Each structure stands twice: as structure tokens, then as C-alpha cells.
There are 2 protein chains.
Amino acid sequence: MSSSPDLPHPERSEISLTTVLFALSDPERLAIARQLVDGPLDMAECHLSNPDVPKSTKSHLMKVLRTAGVVRNEANGRARRLSLRREDLDARFPGLLDAVLSAEKDSANS
Amino acid sequence: MSSSPDLPHPERSEISLTTVLFALSDPERLAIARQLVDGPLDMAECHLSNPDVPKSTKSHLMKVLRTAGVVRNEANGRARRLSLRREDLDARFPGLLDAVLSAEKDSANS
DNA sequence: TAAAAGGTTCGAAATAATTCGAACGATGGA
DNA sequence: TCCATCGTTCGAATTATTTCGAACCTTTTA
């Protein structure tokens with residue numbers, strides 16, 4: 001009874017500012033992060049702006065967020081539980097996540 | 001006596017969060033922004049980590065920062081005066097610039 | 001014990017971003 | 001006026017990212 005793949009995550013000390021900024025610089029990825037502010041979600045509950053994108057594409061978006069250290073991705077039955085790495089990010093880059101996530105979500109905010 | 005080119009800058013209201021994050025997600029561009037926290041500099045005083053990069057490349061880095069709304073680029077004699085758009089950014093995305101610029105500049109911070 | 005559900009990975013194709021030389025323009029000084 | 005300085009722009013080549021189908025793996029359910 002092996003389990004779903006244990007994906008690699010950077011340690012807190014390995015999280016790079018520019019990599020985090022890059023991960024959040026895509027509107028779709030930023031929107032995902034915003035969906036996680038109120039707590040973890042299973043992947044199927046994270047919605048993309050276009051509901052028709054293939055699962056491989058969605059998986060890749062998650063990978064960018066995960067390898068940047070923005071999100072944790074853990075096995076949860078046959079699903080995947082996604083959560084914001086809030087404590088790690090707050091410790092490493094104080095105020096950054098708050099600033100990004102609380103920014104107005106208007107049009108020019110893509 | 002026409003003057004050096006007046007380059008286009010986005011208005012405050014047009015500055016996009018993801019575009020700003022993207023502009024700052026490159027180590028070289030982030031380093032430039034950090035050099036401007038203490039006040040404007042002429043382009044020749046902004047140093048890149050590799051002093052041998054061609055001027056066209058440097059100019060392109062500046063363009064990304066400018067078109068994102070991170071930096072203002074004004075004619076100053078035959079030089080170019082670069083400044084951080086601190087007020088605009090603070091107004092639009094409170095806390096963001098502070099968080100980014102005050103983050104530790106250690107290795108994992110590229 | 002199948003088969004469906006939920007996701008990851010791989011590889012290839014399409015897009016986007018970066019790099020840099022060459023050409024150009026404006027300014028300031030000789 | 002002539003020329004060196006400081007930068008921008010253009011276009012082409014390189015490199016990086018994104019997209020997506022196909023193959024695969026694990027878990028749950030029938």
C-alpha cells in the first residue's frame with residue numbers, strides 16, 4: 001500500500017523571492033493562491049478562469065506554485081490537498097503575501 | 001532643440017499587479033529596483049551584476065520595469081534619470097514594495 | 001478485482017521572453 | 001560644427017515557459 005506521490009517542496013530557507021514573485025506573476029496562478037487564503041482546498045475545488053483547460057495544464061500551474069514554495073501539495077486519498085504556505089512565506093518575506101493577496105482584484109490587476 | 005525621447009509610462013490606475021510581480025521576478029531587475037530605493041539615479045549609475053552586458057540588454061531590462069510601472073525613466077540631459085514609482089505603487093498595492101525591497105537579500109533570494 | 005476518479009509526468013509543439021549587434025537620435029563639449 | 005557620450009529601437013537568434021495529449025499511478029467504489 002504505497003501512497004500517492006510525495007512531491008518535492010522547498011524548505012522554508014530555500015524559498016527564493018524572485019521565484020515566488022514569478023509564480024504569482026501569472027493571473028491564473030495568482031487566482032489559485034487567492035482561492036487558498038481561507039484554507040486548504042482539494043485540487044478539484046480550485047477553479048481556473050477557463051474550466052476547460054486540461055488537467056495536465058492545471059497540474060503544471062500547481063507545480064510552479066509548489067516548486068516556488070507558495071503552495072503545499074499533499075496526498076489526500078486519491079485527491080490532492082492544496083494549501084498556502086502562509087507561515088513559511090510570512091516568516092521569509094514579511095508582508096509580501098498580505099500585500100499581494102489583499103491587492104484590489106480589478107481589471108488592471110489581472 | 002527637441003529632447004530625448006519621451007518614453008511611455010502607464011498611469012497609476014493602469015499598473016497591473018501581475019505585471020509588476022513579473023518585472024520584479026528577475027534578479028537583475030529586482031537589483032535595479034533596490035538601487036533606486038534611496039533616490040533617483042542616472043542609468044549609468046545603475047549597475048548590473050555583470051558589468052559586461054551590452055547597453056541594449058540593459059535598456060531592455062529598464063523597459064520591462066518602466067512598462068510595468070515600477071520605474072520612471074526621464075530624459076536628463078543626454079542621460080536618463082531613473083526613479084522608483086514609490087507613491088504610485090504604494091497607493092495601488094499598499095505594502096508590496098516595502099515587502100519586496102526589504103526582504104533579505106541572501107542567496108536564496110536571488 | 002475491475003473500473004472510474006483524481007492527478008502527475010513526459011515529450012513535443014507553440015508562445016513568450018531574453019540577448020545582443022547594428023543603426024539611429026539627442027545632448028553637451030571641444 | 002563635429003564628434004563623443006548615453007541611450008533607445010529594431011530584428012534575428014537563442015532560450016525559457018506554456019500548453020496539451022498520452023501514458024501511467026494510486027485510491028475508492030462497484
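Chain letters run A, B, ... following the sequence lines, proteins first, then strands; residues in each count from 1. Please read all numbers here as calculations on a predicted model, not as lab measurements. Heavy atoms only: backbone and side chains are in, while hydrogens, waters and symmetry mates are out.
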Mind calculating the distance between [atom1] ([X]) and [atom2] ([N]) to the nearest angstrom?
| X | N | atom1 | atom2 | answer |
| --- | --- | --- | --- | --- |
| A/Lys55 | C/dA4 | NZ | C1' | 11 Å |
| A/Leu21 | D/dT17 | CG | P | 14 Å |
| A/Lys58 | D/dG21 | NZ | C1' | 18 Å |
| A/Met62 | C/dG6 | CE | P | 14 Å |
| A/His60 | C/dT9 | NE2 | C1' | 11 Å |

Candidates [options] - which lies nearest the side chain of [X]:
| X | options | value |
| --- | --- | --- |
| A/Val64 | C/dT18, D/dG7, D/dT18 | D/dT18 |
| B/Phe22 | C/dA17, C/dG21, D/dT17 | C/dA17 |
| A/Pro54 | D/dC20, C/dA22, C/dA17 | D/dC20 |

Is it possible for you to say whether A/Phe93 and B/Phe22 belong to one hydrophobic cluster, with membership spreading through side-chain heavy-atom contacts below 4.5 Å?
no

Look at A/Asn76 and C/dG7 and indicate whether a side-chain polar atom (N or O) is within less than 4.0 Å of OP1 or OP2.
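Answer no for this pair, as no side-chain N or O of A/Asn76 is under 4.0 Å from OP1 or OP2.
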
Is the phosphate of C/dC20 approached by B/Thr57 (side-chain N or O, under 4.0 Å from OP1 or OP2)?
yes

Regarding A/Arg86 and A/Asp98, does a basic nitrogen lie under 4.0 Å from an acidic carboxylate oxygen?
yes

Please determine which of B/Leu97, B/Ile32, B/Leu65, B/Asp38 meets the side chain to side chain contact (heavy atoms under 4.5 Å, CB included) test together with B/Leu84.
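Running side chain to side chain contact (heavy atoms under 4.5 Å, CB included) over B/Leu97, B/Ile32, B/Leu65, B/Asp38 with B/Leu84 returns exactly one hit, B/Leu97.
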
Residue whose nearest DNA chain D nucleotide is more 5′ - A/Ser56 or B/Ala79:
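This one resolves to B/Ala79.
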
Closest-nucleotide mapping onto DNA chain C: is A/Leu7 or A/Arg78 further toward the 5' terminus? I mean the 5' end.
A/Arg78

Check each residue of residues 35-53 of chain B for a non-hydrogen atom within less than 4.0 Å of any atom in DNA chain C, then write out the ones that pass by number, or none.
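Output list: empty, so none.
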
Check whether the side chain of A/Ser59 and the base of C/dG7 form a donor-acceptor pair under 3.5 Å.
no

Pull out every protein N or O sitting under 3.5 Å from an N or O of nucleotides 12-15 of chain C, one pair per line with the distance.
none

Counting heavy atoms not belonging to A/Lys63, are there more than 12 under 6.0 Å from its NZ?
no

When all nucleic acid strands are considered with a 4.0 Å heavy-atom cut-off, which category describes A/Arg29: base, sugar-phosphate, or nothing?
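A/Arg29: backbone/sugar contact only, no base atoms under 4.0 Å.
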
Looking only at the side chains, is there a donor atom on one of B/Asn73 and B/Arg66 sitting less than 3.5 Å from an acceptor on the other?
no

